[in-house]
2 protein chains.
Amino acid sequence: MTTRQGQPGSRSKGRVTLNDVARMSGVSAMTVSRALNEPQRVSEQVRERVEQAVAALGYIPNRAARSLAGSRSHTIAVVIPSVSNAVFNNVIRGIYDICAPAGYEMLMGNTYYSVQQESSLISKFLTHHPDGMIVTGLDMADSTRRQLEAAAIPLVQIMEVGTSAPLDMNVGISHSEAGAAMARYMLKRGYRRIGVIGAQMDYRSQRRIQGFIDVLVEAGLADDKRFMTTSEPSTVRLGGQLLADLLVVNPDLDAVFCCNDDLAYGAIYECQRRHIRIPQQLAIAGFNDLEGSACINPSLTSIQTPLYDIGKTAAQMLMRRLAGEVLQPSVVDLGFRLQARDSA
Amino acid sequence: MTTRQGQPGSRSKGRVTLNDVARMSGVSAMTVSRALNEPQRVSEQVRERVEQAVAALGYIPNRAARSLAGSRSHTIAVVIPSVSNAVFNNVIRGIYDICAPAGYEMLMGNTYYSVQQESSLISKFLTHHPDGMIVTGLDMADSTRRQLEAAAIPLVQIMEVGTSAPLDMNVGISHSEAGAAMARYMLKRGYRRIGVIGAQMDYRSQRRIQGFIDVLVEAGLADDKRFMTTSEPSTVRLGGQLLADLLVVNPDLDAVFCCNDDLAYGAIYECQRRHIRIPQQLAIAGFNDLEGSACINPSLTSIQTPLYDIGKTAAQMLMRRLAGEVLQPSVVDLGFRLQARDSA
DNA sequence: AATAATTATTTTAGCGCTAACATGGGGCCG
DNA sequence: CGGCCCCATGTTAGCGCTAAAATAATTATT
């Protein structure tokens with residue numbers, strides 16, 4: 001094997017450059033650049049010779065030089081709470097399916113549901129001078145807001161709409177409306193002693209729950225001791241524990257809204273262990289409608305959100321803006337769907 | 001709101017540069033560069049004036065220029081099958097916890113379990129001229145192998161060890177040994193009519209299953225019609241369906257090894273629906289030991305792998321190599337643990 | 001006090017690429 | 001056949017930063 005120890009400090013890494021390709025194919029560097037980036041603008045024979053030289057030399061373009069020389073980085077920065085969350089995975093696919101064919105790269109990072117981490121991540125991303133940015137949520141630190149305004153790049157805030165004016169563009173759903181829809185559904189089904197469990201209380205979870213509770217208040221059925229939340233990260237185990245805690249205080253509950261499906265799984269498992277029949281003794285509903293929610297026993301009633309479309313739409317808005325189009329309106333509500341199943 | 005329509009083609013974006021900061025703080029650009037990157041090498045007063053100027057001007061460094069001028073990009077490329085997979089999430093955290101404090105950025109991308117996607121992703125990543133690279137698995141296309149050799153950057157192949165010689169460094173576990181350990185465990189527990197279900201048959205899943213089956217063969221208990229696999233992506237639903245299919249052919253099975261926990265969840269749900277008692281009538285085991293596996297009913301027997309440590313160790317090896325250290329040996333097997341629970 | 005050694009800062013040059021403009025050689029018009 | 005436009009390609013300059021060498025300012029040593 002060749003040595004890979006590198007040679008820190010060596011200026012040139014002896015890599016093949018555009019000029020090497022130019023020399024080999026007998027044209028100027030600029031023509032090679034065009035042959036690679038706008039193939040239709042050079043003659044066919046030149047294109048072929050350049051392609052051969054590229055292959056023969058193993059030329060790998062240098063993005064840093066390209067970004068620096070051109071004024072565009074061909075990069076979109078995507079800021080989400082957690083890539084590992086199945087919810088955001090779908091959003092990312094939607095973004096990717098638009099950005100990749102358009103020649104844009106995605107720079108992706110996690111905030112881990114922390115405003116502070118979000119700020120430092122966005123600062124870091126701005127050093128890449130991305131051509132556009134997609135950020136989760138409408139809330140952010142004031143300093144970050146100012147940085148983004150100063151950067152003056154197209155920006156789409158995703159996941160939620162309606163809670164405040166977006167900085168630029170905005171695609172998502174109304175989480176408070178979704179929470180309210182679930183509450184109305186439960187009321188219609190006849191449940192009256194309704195509890196709520198929530199974890200990882202980011203703004204969107206809070207709004208879901210607030211929307212849910214507002215409806216209960218209106219119906220005169222809200223009771224603070226039935227609402228149990230924590231800022232711990234959502235896990236299946238935590239769902240079971242929160243339900244257990246809730247039942248200690250409220251043994252007579254007839255329904256529980258879990259602010260996401262993972263918590264709902266834990267709640268269902270806990271009921272199974274206690275031989276509580278779902279939904280006869282206790283109805284359970286979740287939020288996000290993950291893949292497993294249709295399979296668990298009983299199947300889980302949940303709110304399905306247009307995750308893929310949120311990502312896709314956000315990316316499309318960005319692409320159009322980058323193509324010079326002026327977009328009106330810039331707030332898009334994609335709506336949600338209540339998926340009724342056996343658990344509630 | 002300020003206009004964000006951008007001005008494609010404008011050469012300079014009128015952004016604040018290092019020279020602006022230098023002018024304002026009354027020193028040369030080089031001194032500002034040092035004040036920011038090696039603060040201990042400039043006098044305290046200069047450092048302070050520079051910091052003030054940076055804050056006042058809202059200076060954001062340009063990474064493209066930095067990469068181009070220096071010979072290092074301060075970037076580590078990470079190539080994994082799927083960021084959304086909970087398994088890789090832990091690995092990523094391990095990498096991040098080492099790289100971030102060392103001032104390295106992570107460029108992350110999915111291969112979606114496709115060799116072709118892996119090749120194009122690696123090509124794309126090489127255009128960023130990362131200082132190091134972490135790639136999942138030991139298998140890759142020959143052309144990719146050559147590209148990586150030509151790039152001559154430190155490389156760590158992660159997740160599995162022992163199936164072939166690594167290109168450079170290697171950290172992981174032996175999946176065939178892990179599969180074998182599960183088979184021996186099942187045999188010891190007295191199961192004799194043992195089936196296997198597998199999906200998303202990447203190399204590592206295949207090796208788990210092969211290791212499992214090899215032990216059955218040795219025990220004279222292997223039966224091809226009890227092994228059911230598909231290349232579809234693993235889902236909970238698919239786990240249920242594969243188990244159902246398997247039971248049609250083998251109604252007398254007494255145990256099933258699922259090549260990952262998601263499939264095992266589906267299998268458990270399917271048993272619940274059919275009122276098959278686990279493990280009395282049918283034992284079920286998974287692989288990966290996800291968070292929910294301890295909570296499901298019955299709790300799932302699974303193989304726990306040192307995911308966080310794999311990421312951390314890989315990153316550490318890379319960092320040491322980048323610091324100029326020569327590492328021996330370069331293959332690290334971190335081992336696994338069989339987590340016995342109620343399901344098998 | 002003169003010199004050497006060390007530290008702090010500046011100067012110079014250039015990383016690899018592309019925007020903008022310049023050039024040259026067809027073809028088409030009047 | 002000169003003037004015009006159009007196309008393919010070349011030339012020039014510079015994006016913002018840092019490596020390396022040069023210089024200036026300070027401290028240590030004799």
Side-chain angles (χ1 to χ4, degrees), chain A residues 6-50 54 57 59-75 103 126-129 131, chain B residues 6-50 54 57 59-75 103 126-129 131:
Chain A
Q7 13 188 345
S10 70
R11 187 82 195 229
S12 163
K13 296 217 198 146
R15 286 231 188 72
V16 178
T17 75
L18 201 63
N19 276 307
D20 299 326
V21 177
R23 209 169 305 122
M24 182 162 182
S25 35
V27 294
S28 71
M30 195 60 229
T31 300
V32 175
S33 172
R34 270 196 285 262
L36 295 176
N37 296 311
E38 304 165 282
Q40 76 286 355
R41 289 196 45 195
V42 301
S43 69
E44 192 157 345
Q45 52 180 358
V46 166
R47 197 184 321 148
E48 256 171 48
R49 262 190 296 150
V50 167
V54 164
L57 295 169
Y59 169 66
I60 292 175
N62 184 326
R63 287 191 87 86
R66 180 149 123 100
S67 298
L68 189 57
S71 43
R72 331 194 69 164
S73 60
H74 306 272
T75 299
L126 285 176
T127 69
H128 287 267
H129 292 277
D131 295 335
Chain B
Q7 13 186 347
S10 70
R11 187 79 194 230
S12 163
K13 296 217 198 146
R15 286 232 188 72
V16 178
T17 74
L18 202 62
N19 276 309
D20 300 326
V21 177
R23 209 169 305 123
M24 182 162 182
S25 35
V27 294
S28 71
M30 195 60 230
T31 301
V32 176
S33 172
R34 266 197 288 267
L36 296 175
N37 296 311
E38 303 166 282
Q40 76 286 356
R41 289 195 46 196
V42 301
S43 67
E44 191 158 345
Q45 52 180 359
V46 165
R47 196 185 321 146
E48 256 171 48
R49 262 189 296 149
V50 167
V54 164
L57 295 169
Y59 169 67
I60 292 175
N62 185 327
R63 286 191 89 85
R66 180 149 124 99
S67 298
L68 189 57
S71 43
R72 331 195 67 163
S73 59
H74 305 271
T75 299
L126 285 176
T127 68
H128 288 267
H129 292 277
D131 295 334

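Looking at B:Asp20, its side chain does come within 3.5 Å of a backbone N or O of B:Thr17 through a donor-acceptor pair. Under the 3.5 Å distance criterion, the side-chain polar atoms of A:Ser67 are left unmatched by any main-chain donor or acceptor of A:Ala65. Side chain of B:Arg47 to backbone of B:Pro39: a donor-acceptor contact under 3.5 angstrom is found. Between the side chain of A:Thr31 and the main chain of A:Ala29, no donor-acceptor pair closer than 3.5 Å is present. Under the 3.5 Å distance criterion, the side-chain polar atoms of B:Ser25 are matched with a main-chain donor or acceptor of B:Val21. A:Asp131 places a side-chain N or O within donor-acceptor distance of the main-chain N or O of A:His74, the cut-off being under 3.5 Å.
Whole-Å rounding puts the A:Asn37 CG to C:dT18 P distance at 5 Å. Whole-Å rounding puts the A:Arg47 CZ to D:dA8 C1' distance at 12 Å. To the nearest angstrom, P of D:dA19 lies 6 Å from CE of B:Met30. In this structure, A:Leu18 places its CG atom 16 Å from C1' of D:dT12, rounding to the nearest Å. Per the geometry, CD belonging to A:Glu44 stands 11 Å off P belonging to D:dT9, to the nearest Å. Taking atom CG of A:Leu68 as the reference point, atom P of D:dA13 lies 18 Å away to the nearest angstrom. Per the geometry, CG belonging to B:Asn19 stands 11 Å off P belonging to D:dT18, to the nearest Å. Look at NE2 on A:His129: it is 8 Å from P on D:dG16, rounded to the nearest Å.
Residue B:Ala29 is the one, among B:Ala29 and B:Ala65, whose nearest nucleotide of DNA chain C lies closer to the 5' end (criterion: closest heavy atom).
Over its full length, the helix from C:dA2-D:dT29 to C:dG30-D:dC1 turns its helical axis through 40°, comparing axes from the five pairs at each end and rounding to 10°.
When the side-chain nitrogen and oxygen atoms of B:Asn62 are compared with OP1 and OP2 of D:dC15, none of them lie within a distance under 4.0 Å. Distances shorter than 4.0 Å separate some side-chain N or O of B:Ser33 from OP1 or OP2 on D:dT18.
With no hydrogens or angles considered, a side-chain donor-acceptor pair links A:Arg15 and B:His129 at under 3.5 Å.
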Could you walk me through whether A:Ile60 and A:Val16 pass the side chain to side chain contact (heavy atoms under 4.5 Å, CB included) test, one step at a time? CA-CA 7 Å; A:Ile60 292 175; A:Val16 178; over 6 Å; no
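Within a 6.0 Å radius of CD in B:Gln45, other residues, nucleotides and ligands contribute 12 heavy atoms or fewer.
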Report each atom pair, protein N/O against N/O of nucleotides 6-9 of chain C, whose distance is under 3.5 angstrom.
| from | atom 1 | to | atom 2 | distance (Å) |
| --- | --- | --- | --- | --- |
| C:dT9 | OP1 | B:Ser43 | OG | 3.0 |
| C:dT9 | OP2 | B:Ser43 | N | 3.0 |

